[in-house]
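Labels below follow one simple rule: chain letters A, B, ... track the order of the sequence lines, proteins then strands, and each chain is numbered from 1.
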Amino acid sequence: MSYNPKEIEKKWQERWESAGLYKDYSRAKKFYALDMFPYPSGAGLHVGHPKGYIATDVVSRFKMLQGYSVLHPMGWDAFGLPAENYAIKNKVHPSVATEKNIATFKKQLEAFGFTYDWDREIDTTDPAYYKWTQWIFLKMFEKGLAYESNEPVNWCPSCKTVLSNEDLENGLCERCGTQVVQKRLRQWVLRMTDYAERLLADLDSPEINWEESIKEQQRNWIGRSEGTQFKMSVATNGGSTSIMEVEPPTLAEGNYIEFYTTRLDTVFGMTYAVVAPEHPILEKLKSQITNYKEVEDYLIASQNKTILERTELQKEKTGVKLEGIEVVNPFNNEAVPLFVADYVLGGYGTGAVMAVPAHDERDFEFAKKYDLPIVQSIAPLLLETQGNAAVREGLDFDRRKTVVVIVKHWFENKYFCLDWQKFGWKSFVIGGVEDGEMNEDAAIREVKEETGYQDIKSITKIGGNVHNCFFAAHKGLNRYADTECYLVELGSDQFIEPDFEEVKNHIGVWIEEEKLGDYLSIDLHKKYHSIFSGGESAYVEDGVLVNSGVYTDLKSAEAREKMTVWLEENRLGQKKVNFKMRDWIFSRQRYWGEPIPIVHCEKCGAVGVPEEQLPVRLPEVENYEPTGTGESPLATIADWVNTTCPKCGGPAKRETNTMPQWAGSSWYYLRYIDPKNDERLIDQQLEKDWMPVDLYVGGAEHATRHLLYARFWHKFLFDLGVVTTSEPFKKLMHVGLILAQDGRKMSKRWNNVINPDEVIEQFGADSMRLYEMFMGPFSQSIAWSTNGVVGTRKFLEKVWKLQTKVNNQYSTDNKKIQTLLHKTIKKVTGDIENFRFNTAISQLMILVNAFEKEYAKSATTKAHMRKEDYEKLLLILSPFAPHIAEELWQQLGHEQSIFLEKWPVAENQYLKDEEIEMVVQVNGKVRERLIVAIDVTEDEVKETALESEKVKVFTEGKEIKKVIFVPEKLINIVI
RNA sequence: GCCUUGGUGGCGGAAUUGGUAUACGCGCUAGUCUUAGGAACUAGUUCUCGCAAGGGAUUGGGAGUUCGAGUCUCCCCCAAGGCACCA
């Protein structure tokens, strides 16, 4: 009988389902395997969708065989725009199309033979389900986590709805690619930022075992920063230092602006300050801003910019100076100009920043454009740790002001360097600045003294102030040098022989410019001394404070601490943590979503619908078309909208916005555990039994939306006492895409979509399952290859044919085969646990090839396979190819399903080979391979190896310096 | 620009702690069978020199540590994904 997958697959799918094979939830050990449930689109599945489902199915069957009760459910995330758009076009209720699509999806999935328990099927559009979605919202409303807001929000003019920050892709609507505009609309918002700290911190908790890349994406998205929020008073009279002599400054009541910075240590370098166009101060101080017309024009212009224009293009920065007002730096009482500029974001921090062009790239750019002063307040701190100049421990530092002078030849492109031969280092001309001496004078003096050249044509300061710690070998002490750098050009060869004392430690050498880099390490000079020269860039790293009053010489971190303390003491500011993540804009102006269970009463305001009245059902409607006015289509149904206030009984109107698509998926994994419960969201005991989800598999594109939202809701439910774990998903694996054969994404547009039904029709579900797991590392995107399926089909054919070789009567105990079999059991077990399905399958292929060679193709017709060996092969193959494994299992005479058996265990006694191939290397190169007993001694191998002709060629007449012996692996002869 | 993950044959990709690089599969080449095409089977297949025996090179590039480096250290290049004026 030949292998006919079409026949056996259908047969077993029916038998498994009718026997309820997967529904034994009584075992002591439990395992919850979860897939991200699909949106049932009209297009049906393509071959990429099932990849993750196959993986969870492999793990589910594997865990069943290991004696677990496995919960492996499936459902539908069915609210969403495509169904609604289809409804608008075809004038049918979205639920009709949804129902049809679900049927198609289900049929397609069933062909794979998955272990889903369809009794637990979930549909987010089912009122019995969304009742609880609404219930969670109500609880949030009760706890003050759901609130109404009138802030400007992202509006997609094409989808005619509001979008959350998470729904944007580079400022465009993630769904339709339309440019989003800012619109002021009343919205329901969830206070997700209240959970930001926990959402971030718990990423590192042992309850989460996720791929680093996804955790990192969430960390980026949450975007925590620690800084200082402080007040600067507004001076309206063009205030200057002389007037503001009070220390600490007193703040006129209400006449100040709050600023946020993470770099308070740079505050003495502040040369201006900026507020965002949305900042309320502009309206408040309107009368004092003498150029308000100009400011107003700017505000209008920036309001008309899209998000894309304002942020993504990183256009040249623009801004307008607010004439007539200034702000006062509390640390030195200096007044600096205040600008409005849209490179400062209104929604983050306080919407106002201090600007330190010397130490912030954006401020630097702006300062260059508007010709604002650039003042250094941080000096880089260099610490020599390597070579002869490395700082010596235990020695005190001798602090000096020094200059580094780069001396250029009078006509050649060469520079003067010093070779400190005795101490083994090289440098430019360096020297100390004497008391009362100007740095520039010191530089000129050093050039004359040390080089002997007298004709100084020009001298230019390059870069800023740099602090440098090193060991000064010629003085025998650690030096802390406060350095500035000068470039000196010589005018001629005018020369006076230098004093011997000046030059006894070094000799001078002219080095060509292009060879300078090889001669001495100029990287540091380049990196640090040129910081402010020619205006290339700002120095944004930490360092040592300079020009900073009493804080001068402190290191950045310490300065931030002390300066913040000073602000606190004077009630001018405090530490502040900010997050990039915003609250979740939770309402949509569309039809096909969960109604928000709120009633608006003129007297009582927004009132929650009483729990016993849930669910608030979606009403029938004539027209699904969004209105575009910011009202949902529900607003037109007077019968539904007009209701009574649950609190006072007076007239009230229902909330007409609906929830976003992400609502239903934020908690669905809980409902699978207890899908039919009318009383509670989930039974408490069942929740304890099954949560958290042991394995969650899905696409990486959900890293910052679904996975963040679900964690947020879960933590809320945890605080509510509904769940007992603080994190929902223990292990998360992300599934790599399957690309089309041409390497592009599968899409109708390219006409390169592979339909799984056809693949199953041609090769069978087992071949397809096997191929998708064999393609490569699970998380990686890989192109589909139909030829690859041919390969896995051939492999299954081999397995099928092997059944004819089972015969215990004639079988012999074959040590080699036993070893390979047990090694394979061990590898497959470990690989499934670690999601390395591709190598598990390759090992299965190796085993089957060996069986085939040993039994099917053996010259002796009496070579037969032991039944128990074949059974073990079927068992470890069964999670990947369940139908063929079950069929062969029962053909062997078993009456019970293979999935009620026990997973085989690799026995140690079989895992070691008796003989191994030992590699003989000469100087690390392989020259010979010897078959030796596994416990062979070094001396035995050495003797045999040295007698080998192949080895002799290389060792003859040479002295053997050393022999390295690695038991069971190799011997290396070093000559 | 920043973060994350990667870079190994014609292709997808293997390679415990540093210890035989290229497992397994696809493709390709030759042969057997076949009216033919295909399928199946057998043998070969990293590159290179060589009739062969055999030699040499090789894991993005360069340096280093080591008896020995795909694996460890430093520098650089490239690709994919994420974030992006967050002060």
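- At a threshold of 4.0 angstrom between heavy atoms, the contacts of A:Q921 include nucleobase atoms, whether or not backbone atoms are also involved.
- Nucleic acid contact class of A:V353 (heavy atoms, under 4.0 Å, all strands): base.
- Comparing B:A87, B:G25, B:C26 by their nearest atom to the side chain of A:F774 picks out B:G25.
- Note that A:R927 lies in the cation-pi zone of A:F954, set by a 6.0 Å cut-off to the ring centre and a 45° limit from the axis.
- Using a 4.0 Å heavy-atom criterion, one finds that A:R927 contacts the sugar-phosphate atoms exclusively.
- Listed nucleotides: B:U20, B:G54, B:G13. Nearest to the side chain of A:K950: B:G54.
- Here A:R836 does not reach the OP1 or OP2 of B:G13: none of its side-chain N or O atoms lies under 4.0 Å away.
- Defined by atom type and a distance below 3.5 Å, a donor-acceptor pair is present between the side-chain atoms of A:K798 and A:N849.
- Side-chain atoms of A:R769 come within 3.5 Å of backbone atoms of A:P879 as a donor-acceptor pair (strictly under, hydrogens ignored).
- Going from the C1' atom of B:G60 to that of B:A80 covers 15 Å, rounded to whole Å.
- As rounded to the nearest Å, B:U16 and B:G70 have C1' atoms that lie 15 Å from one another.
- Atom CE in A:M232 sits roughly 16 Å away from atom P in B:A87 (whole-Å rounding).
- Comparing the same atom, C1', in B:U45 and in B:C24 gives a spacing of 15 Å after rounding to whole Å.
- Residues A:F954 and A:G791 both approach RNA chain B. Their nearest nucleotides, taken by heavy-atom distance, put A:G791 toward the 5′ side.
- A donor and an acceptor atom, one from each side chain of A:D265 and A:S556, are located under 3.5 Å apart.
- Whole-Å rounding puts the A:E917 CD to B:G19 C1' distance at 14 Å.
- If you take CG of A:L847 and P of B:A14, they are 20 Å apart, rounded to a whole angstrom.
- Here B:A87 is the nucleotide among B:C3, B:C85, B:A87 with the atom lying nearest to any side-chain atom of A:V344.
- Rounded to an integer number of Å, the gap from A:R793 CZ to B:A39 C1' is 12 Å.
- For A:Q741 and A:T786, the side-chain atoms include at least one donor-acceptor pair closer than 3.5 Å.
- Protein atom CD of A:Q762 is 12 Å distant from nucleotide atom P of B:A39, rounded to whole Å.
- Applying the 4.0 Å criterion to OP1 and OP2 of B:A87, one finds that A:S225 has a side-chain N or O inside that range.
- Remark: the separation of the C1' atoms in B:G61 and B:C77 is 7 Å, to the nearest Å.
- With both pairing distances under 3.5 Å, B:A23 is matched to nothing as a Watson-Crick or G-U wobble pair.
- Remark: the A:K580 side chain and the B:C83 base include no donor-acceptor N/O pair separated by less than 3.5 Å.
- Going from atom CD of A:E852 over to atom C1' of B:U42 covers 12 Å, rounded to whole Å.
- Taking the side chain of A:P777 as heavy atoms from C-beta on, and the options B:G25, B:G13, B:A87, the nearest nucleotide is B:G13.
- Minimum atom distance to the side chain of A:Q217 is reached by B:G82, of the listed B:G25, B:G82, B:A87.
- Pair check for B:U17 finds none; no Watson-Crick or G-U wobble contact set falls under 3.5 Å.
- Residue side chain A:E216 does not reach the base of B:U5 through any donor-acceptor N/O pair under 3.5 Å, judged by distance alone.
- The same atom, C1', is picked in B:U48 and in B:C67; the two are 28 Å apart, to the nearest Å.
- Glycosidic conformation, B:G9: syn, with the torsion inside 90° of 0.
- Partners of A:F795 by ring-ring contact (aromatic ring centres under 6.0 Å, His included), not counting sequence neighbours: none found.
- Rounded to the nearest Å, the gap between the P atom of B:U42 and that of B:G10 is 26 Å.
- In this structure, A:Y343 atom OH and B:A84 atom C1' are separated by 17 Å, rounded to whole Å.
- Of the two residues contacting RNA chain B, namely A:V966 and A:K801, the nearest-nucleotide position lying further toward the 5' end is that of A:V966.
- Across all strands shown, the partner of B:A80 is B:U4, judged by Watson-Crick or G-U wobble contacts whose two distances both fall under 3.5 Å.
- The only option from A:N578, A:T261, A:V577 that meets the side chain to side chain contact (heavy atoms under 4.5 Å, CB included) definition with A:S225 turns out to be A:N578.
- OP1 or OP2 of B:A57 has at least one side-chain nitrogen or oxygen of A:K925 nearer than 4.0 Å.
- Checking B:G12, B:A87, B:U20 against every side-chain atom of A:I782, the shortest atom distance belongs to B:G12.
- The side-chain tip of A:K317 points at the ring of A:Y343 from less than 6.0 angstrom away and within 45° of straight on.
- Pairing of B:A87, defined by two Watson-Crick or G-U wobble distances under 3.5 Å, is not identified with any nucleotide.
- Between A:N787 and B:G27 there is a side-chain N or O to OP1 or OP2 distance below 4.0 Å.
- Using N1 to N3 plus N6-O4 or O6-N4 for Watson-Crick, or N1-O2 and O6-N3 for G-U wobble, each under 3.5 Å, B:U35 pairs with nothing.
- At the heavy-atom level, A:L970 lies under 4.0 Å from base atoms of the strands shown.
- Between the C1' atoms of B:G9 and B:G25, the separation comes to 14 Å (whole Å).
- A:R929 contributes no side-chain N or O that, together with a main-chain N or O of A:E917, makes up a donor-acceptor pair within less than 3.5 Å.
- One can find a donor-acceptor pair under 3.5 Å joining the base of B:C67 and the side-chain atoms of A:N972.
- Residue-level contact check: A:I846 touches the backbone only, with heavy atoms under 4.0 Å from sugar-phosphate atoms and none from bases.
- For A:W221, whose side chain is taken as the heavy atoms from C-beta onward, the closest listed nucleotide among B:C83, B:G25, B:C67 is B:C83.
- Distances shown here put a side-chain N or O of A:K794 below 4.0 Å from the OP1 or OP2 atom of B:C26.
- Within the nucleic acid shown, A:N838 comes within 4.0 Å of sugar-phosphate atoms alone, with no base atom in reach, counting heavy atoms only.
- Taking atom C1' in both B:G7 and B:U58, one finds a spacing of 15 Å when rounded to whole Å.
- Among the protein residues, A:D363 comes within range of no part of the nucleic acid, since none of its heavy atoms lies under 4.0 Å from any strand.
- Here B:C26 presents its P atom at 13 Å from CD1 of A:I841, a figure rounded to the nearest Å.
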